[in-house]
Every structure is written in structure tokens, then in C-alpha cells.
Number of protein chains: 2
Amino acid sequence: MQGLATIETDAVVIGAGPVGLWMVFQLGLQGIRAHVVDVLGEPGGQCIELYPDKPIYDIPGIARCTGRELTQRLLQQIAPFKPAFHLNQQVSEVLAQDDGRWRVTTSASHQAGQQFLTRTLFIAAGVGAFAPKELKLDGLTPLLGSQLFYRNAPPEATADKTVLIVGGEDAAVANAIALAADGPNPAKSVTLVHRRDVLQASAAALAQLATLRDAGKVKFLAGQVTGIHVTDGRLGSIELSTPEDQTVNLPVDTLLVCMGVSPKLGAIAQWGLAMARKQLTVDTASFATSAPGIYAVGDVNTYPGKRKLIVCGFHEATLAAFAAASYLNPQASGVLQYTTSSALLQQRLGVLADDTPA
Amino acid sequence: MQGLATIETDAVVIGAGPVGLWMVFQLGLQGIRAHVVDVLGEPGGQCIELYPDKPIYDIPGIARCTGRELTQRLLQQIAPFKPAFHLNQQVSEVLAQDDGRWRVTTSASHQAGQQFLTRTLFIAAGVGAFAPKELKLDGLTPLLGSQLFYRNAPPEATADKTVLIVGGEDAAVANAIALAADGPNPAKSVTLVHRRDVLQASAAALAQLATLRDAGKVKFLAGQVTGIHVTDGRLGSIELSTPEDQTVNLPVDTLLVCMGVSPKLGAIAQWGLAMARKQLTVDTASFATSAPGIYAVGDVNTYPGKRKLIVCGFHEATLAAFAAASYLNPQASGVLQYTTSSALLQQRLGVLADDTPA
């Protein structure tokens with residue numbers, strides 16, 4: 001944990017899905033700027049990870065939008081509040097401090113984690129962090145970060161290397177294309193391995209991959225990885241079992257596993273917050289958890305009547321922001337103001353010049 | 001009350017503001033078609049009555065829209081569910097029936113009211129029905145519906161008649177234009193009376209009125225109506241006190257009062273539902289009131305943490321629809337389905353052909 005930079009702030013939001021983004025908006029209206037942590041490499045949460053291109057029909061006032069469009073709309077809407085995003089990071093620890101603040105520590109795969117000292121924390125972690133599905137083989141774990149990577153690998157692990165990508169979905173195809181196409185640091189060779197020759201990706205990506213396969217720049221093999229060969233702590237090759245039950249030995253410098261993701265509540269369950277059926281129990285007046293200053297909104301919480309719907313998360317984040325504003329500043333009036341008529345809110349939104357009398 | 005048509009239905013929504021419209025949407029997803037009653041002549045509620053052209057900034061995913069735009073968006077979104085609107089009607093009475101249903105009676109100014117026999121009732125009445133501000137003068141009340149009208153008058157009361165319009169806002173100006181401009185049943189004369197010669201309406205409407213005034217088709221007088229002259233039960237003229245303290249006598253067949261509106265909770269307070277501080281108390285798991293089958297959503301309800309925000313009303317209507325679906329059909333599974341993935345919901349929305357296997 002040494003050498004982590006510490007950020008002192010009023011608010012940290014865990015999760016950059018639609019409800020986490022709306023949390024940022026409502027905090028912004030309250031005059032509170034938020035830091036947002038998400039395990040994914042871009043904002044959007046389930047909307048980006050599970051249905052970026054599928055239509056959603058039940059966002060009020062938006063008859064139809066994809067998960068990606070909803071994310072873009074919300075990012076545009078919260079832009080005036082200039083949230084600080086900390087992506088590719090997972091919150092691993094939340095510890096109470098003597099001064100009432102919370103120390104929030106993140107871990108990240110290719111970079112140093114981050115520490116926050118925050119007065120309020122908003123858990124908008126949805127169904128949990130999307131963790132990559134693991135390739136389970138004896139002896140593989142010690143190679144993580146040197147020769148084994150999930151979802152993406154740093155350039156030094158792929159440049160001029162024999163790279164083997166395992167998986168058949170978007171991320172596997174995208175990595176194969178990115179590493180094989182002409183770039184500044186090309187791999188020596190790129191082999192894509194999937195249990196069968198049916199890949200799930202956009203038509204454009206599949207067409208690009210087909211061109212690269214025809215040009216011999218990406219090799220494809222159907223089969224399952226059944227074993228690895230490690231000598232002196234170094235991975236030398238993997239064993240592939242083909243659909244015809246043959247065993248093929250493939251030399252490899254870097255193994256990049258892209259077998260999809262599955263959500264895991266993970267560390268959240270260890271923070272000592274009251275839970276019911278793997279969800280955080282909250283008070284519906286404030287969406288506060290059992291710990292002072294910590295709120296839970298969206299799919300991660302539970303209360304009588306709870307429905308895991310985005311429209312409900314929007315409400316929960318709204319009331320949590322009011323509760324947090326009052327928690328941070330008990331002297332505040334708490335009087336409801338409307339964006340349609342309040343000069344203060346319009347100033348915060350940047351739609352009214354800051355020098356206009358409030 | 002005689003001669004009222006009775007509509008038997010599963011659901012009546014009182015109030016066609018944004019939350020009432022979203023109530024229709026969520027009921028539609030549950031397979032329940034709704035009848036909607038509103039005292040105004042068009043859907044939109046406060047959005048249309050109070051801020052049709054002012055921007056709203058806090059609808060999730062819509063960075064900026066006017067009250068009118070939000071209403072149009074919601075009307076488009078609920079169109080697949082074909083709600084039946086009953087406009088210009090106010091619910092006057094709600095009575096429990098022996099079979100568990102509710103008899104809902106409306107009253108209307110220029111038409112027969114309506115009766116509904118409904119299994120569920122959703123009160124989305126906002127801050128109350130927008131009732132026209134009354135012109136208070138001795139002897140005026142008995143003329144209501146014959147020579148006195150609020151907001152609008154039927155053609156037989158204005159065709160070839162000496163019409164006096166009282167008021168200075170949109171509706172007064174719009175009525176003056178409508179009655180003076182060439183049409184099938186023109187008034188004999190149109191006089192607009194307002195306490196001063198400053199009118200509040202759109203630039204286009206004011207320009208049109210100016211043209212009609214120049215052409216002598218609308219007469220304008222500044223002053224306050226201070227008395228009426230009635231002979232044998234018939235209004236003959238009104239007394240106007242000018243800014244110069246002169247009294248002018250104006251002959252009149254029809255008096256059309258357009259002095260704005262103010263919200264009144266009205267009859268709702270008489271239905272025997274549990275209330276706190278003039279609002280309906282609800283259970284936050286279901287947004288049920290104290291009466292079985294009656295729900296309250298939006299600004300009309302109260303519960304711990306309540307904020308009168310549209311985004312909160314959207315959530316409340318959503319949970320009320322789930323609760324009502326279970327109330328109407330206790331055998332239903334209640335399993336949450338998503339519009340992104342459920343063939344059933346997509347069929348109801350009309351985005352999937354009805355013959356697609358569910």
C-alpha cells in the first residue's frame with residue numbers, strides 16, 4: 001500500500017453506472033463535487049458492459065435509447081459538475097477514521113491504487129464489480145501481471161511477443177485486432193483461441209478480424225486450454241485440446257484471457273455494513289446504510305418494495321444527495337429548490353452566469 | 001348526477017402531469033390500461049400550466065427540456081398503451097363499492113361528468129387541481145354556465161354575443177383572438193378588460209392582438225370590474241372602475257373570466273384517506289394510501305424523506321404499478337422483467353411483433 005497518493009474530498013462514488021452518474025449530478029446540485037471510482041475502463045456500468053447496443057425503453061421521457069446512449073446523455077448532463085473519474089480501479093477497503101471520515105483504498109491491475117479520505121461515500125456498485133471470468137489451470141496464478149493478463153495487457157507485455165488470446169467475445173476480438181493491426185509496437189504473432197469457431201462481436205469487428213486472418217496476421221484455433229508448461233517460473237507454452245480431441249502445444253510469451261466478465265459484490269461485503277440477501281440495507285428516507293456518511297443506491301441496496309430498475313436508482317440517488325448535504329452541513333436550510341427557477345442551481349449547472357444575482 | 005355514462009376499468013389515474021403520464025407507462029408495462037382524468041384541457045399538469053416554456057435541468061438523461069417538451073416526450077412514450085384521456089374534468093367523489101371497487105365521479109364545466117367503476121385508483125394530482133381564480137362579486141355565482149364562464153366558453157355562449165373577457169394573461173389574450181378573428185361563429189363584439197394595459201402572452205399572440213385592436217375587432221379597456229347589473233336573473237352590464245377612478249358601464253351578454261389559476265387539493269381531502277399536512281400519507285414499498293387499491297404518487301403524497309421532484313414521482317409511480325399489478329392479480333409471479341430483454345414487455349410496447357414467441 002506504500003506510495004499511494006491520498007485525495008481528501010467530501011464525496012466518493014463507487015460505480016460509474018447510470019445511478020452513480022446521477023449521484024454525481026444530484027451531489028453537484030447540492031454543491032458537492034464527487035470522485036468516482038469504477039472497475040471498468042469507461043463509465044456506464046452494466047449499461048456499457050451488458051447491453052451497450054440494446055435498446056432500453058423505460059427511462060422516463062426517453063422512449064428508446066441504448067445503454068451507451070444513456071451513458072453518454074448522463075455524462076453530458078453531469079459535465080458541469082466536473083467529476084473526477086478513477087477508472088480501472090476497484091475499491092478494496094473502507095476504514096473508519098477517528099475524525100469521522102472514511103479511508104477508501106482502491107486497487108488497480110496495471111497501475112498504483114488510490115487512497116481517498118472522504119466525509120461521505122456513495123455505493124452505486126450495482127450487482128458488483130465486473131470481474132473477468134478466470135481461466136482456471138494449475139500453476140497459472142503466479143504468472144498474473146507478468147505473462148498472464150485479463151481483458152487487456154500493457155504494451156510491454158505484447159510488443160514483439162508471441163501473444164495468445166483466449167476468448168470468443170467482443171474483448172477477445174478487439175484485442176486480436178488491436179495487436180495484429182499495424183501499430184507502433186506490434187506483437188510478434190497473435191493467436192486467438194476459442195472453444196469453437198463462432199465469435200460474438202460486431203459485424204464490423206468480425207469483418208476486420210476475417211481480413212487479418214486471411215492476411216495471416218491473426219491465427220485462429222478452436223479448442224480448450226487444458227494445461228500450461230512452466231519452466232523456471234516462466235510460461236513457455238500452453239496445451240490446447242481441439243474439438244477432434246487432439247492435443248496441440250502452442251508456444252506463448254503472453255497469455256491474454258478475455259472470457260467475459262461476471263459481477264462480484266467482492267470486498268463490499270467485508271466493510272461491516274448491514275446487509276440482507278447480499279444487498280446493503282438502507283433507510284428509504286435517506287438511502288443511508290448502517291454506517292454514518294455511507295449511502296447505497298441502485299441495484300446494490302435493498303429495502304421493502306425494492307425493484308432493480310434504473311428509474312428507481314435515480315430517485316434513490318436524489319434523496320441520498322439531500323441526506324448527504326444535510327449530513328455534511330447540518331446548518332443548511334434543506335429547502336427544496338428547483339432547477340427551473342433557482343438561480344443558485346442554475347449557476348451550479350453553468351446555465352446562468354455566475355455573476356447573476358442569486 | 002343522472003345520465004352519466006359509467007366506464008368499468010382496472011385503473012383510473014387522476015392527474016395528467018408527468019408523474020400521472022409515467023403512471024400510465026408503468027401500468028402499461030404491467031399489462032394494465034388506464035383512464036386518465038385531468039382538470040386541464042391538455043395533458044402536462046404543472047409542466048404545462050406553470051412552466052411550459054421554461055427549461056428543466058434535472059430529468060435524468062435529458063440535460064435540458066421545457067415543461068412542454070417533457071410532456072410531449074412522455075405522451076410519445078406512453079402512446080403504445082393507448083390511454084383514454086378525460087380532460088376538463090375534475091374528480092369530485094370517490095366511493096367504496098360493496099365489491100371492492102371504487103366509484104369515481106367527475107364533474108366538468110361544459111359537459112356531462114363521467115363515472116368510473118375501477119379496481120385501482122392512482123392519485124397523481126400534484127399540488128391539486130388548477131382551479132380558475134374566481135371573480136368575486138355579489139350576484140355573480142348564479143350566472144355560472146349561462147352568462148359567466150371561466151377559462152373558456154362554449155360556442156353558443158359567444159356566437160353573435162357581446163363578450164367581455166376579464167384577465168391579462170395567455171388565456172385571456174388567446175380567447176380574445178379566437179373570438180375576434182374571422183371564424184364560423186364570430187362574437188358580436190369582444191372587449192378585453194385588465195387592470196392595466198400590460199398583458200402577459202407570447203410575442204406572437206400580442207402582435208396578433210395588436211392587429212385586431214387596430215382593426216377595431218377587439219376593444220381593450222384598463223380597469224377593474226367592481227359590480228354587475230342583473231335584471232330578472234339576466235346579466236345586462238358590468239361596472240368598470242378605470243385607473244382614473246371613473247366608473248364605466250359596459251353592456252355584456254357573456255362574461256369570460258381568465259384571471260389565471262391556482263392549485264386546490266379540493267375534494268381529495270374529503271375521500272377519507274389518511275393525510276398529513278394536506279398530503280396523502282403512503283407506504284414507500286407500494287405508494288398505497290390508507291385505502292385498498294388507492295395509490296398516491298408525485299407531489300400529492302408524503303412520506304419520510306419526501307422531496308417534491310419529478311424524478312421521485314417517476315420512482316413512486318413505478319413501484320405503485322408493481323403493487324397494483326399484484327393487487328389486481330395476486331397470483332402473478334411479480335418477477336422483475338426488463339424492457340431490454342423481455343419479449344413480453346417489448347410486445348406490450350409494440351416494439352416486438354405480437355406473434356414473436358414470448
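We use all heavy atoms of the structure for the numbers below, so side chains are in, but hydrogens, waters and symmetry mates are not. Each chain gets a letter, A, B and so on, in the order its sequence line appears, and its residues count up from 1.
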Which bit of [X] comes within less than 4.5 Å of chain B, counting heavy atoms only: side chain, backbone, both or neither?
X        : result
A/Pro55  : backbone
A/Phe287 : neither
A/Phe25  : side chain
A/Tyr51  : side chain
A/Ile56  : both
A/Ile62  : both
A/Leu29  : side chain

Can you find a pair of side-chain heavy atoms, one from [X] and one from [Y], that are under 4.5 Å apart?
X        : Y        : value
A/Glu49  : A/Val39  : no
B/Gln30  : B/Phe322 : yes
B/Tyr338 : A/Lys308 : yes
A/Ile48  : A/Arg68  : yes

For the candidates A/Arg73, A/Glu69, A/Arg307, which exhibits the highest count of non-hydrogen atom pairs separated by less than 4.5 Å from chain B?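 Most pairs with chain B among the choices: A/Arg307.
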
Picking from A/Leu309, A/Leu345, A/Leu50, which has the most non-hydrogen pairs under 4.5 angstrom with chain B?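 Ranked by contacts with chain B, first place is A/Leu309.
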
Under 4.5 Å from a heavy atom of chain A, the part of B/Thr318 involved =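 Contact with chain A is through the side chain of B/Thr318 alone.
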
(Q) At a 4.5 Å cut-off on heavy atoms, which part of B/Ile310 comes close to chain A: side chain, backbone, both, or neither? (A)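 When you check distances to chain A, no heavy atom of B/Ile310 falls under 4.5 Å.
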
Selection from [options] maximising heavy-atom pairs under 4.5 Å formed with chain A:
options                             : answer
B/Gly67, B/Pro18, B/Pro304, B/Pro60 : B/Pro60
B/Ser341, B/Gly305, B/Ala79         : B/Gly305
B/Thr71, B/Leu21, B/Thr66, B/Ile59  : B/Ile59

[atom1] of [X] to [atom2] of [Y]: how many Å apart, nearest 0.5 Å?
X        : Y        : atom1 : atom2 : value
B/Cys65  : B/Gln72  : SG    : CD    : 10.0 Å
B/Ile14  : B/Ile294 : CD1   : CD1   : 8.0 Å
B/Tyr303 : A/Thr284 : OH    : OG1   : 8.0 Å
A/Arg119 : A/Leu328 : CZ    : CG    : 4.5 Å

| Can you check side-chain contact (heavy atoms from CB on, under 4.5 Å) on A/Asp58 and A/Val311, steps first, answer last? | CA-CA 8 Å; A/Asp58 60 347; A/Val311 68; 5.8 Å; no

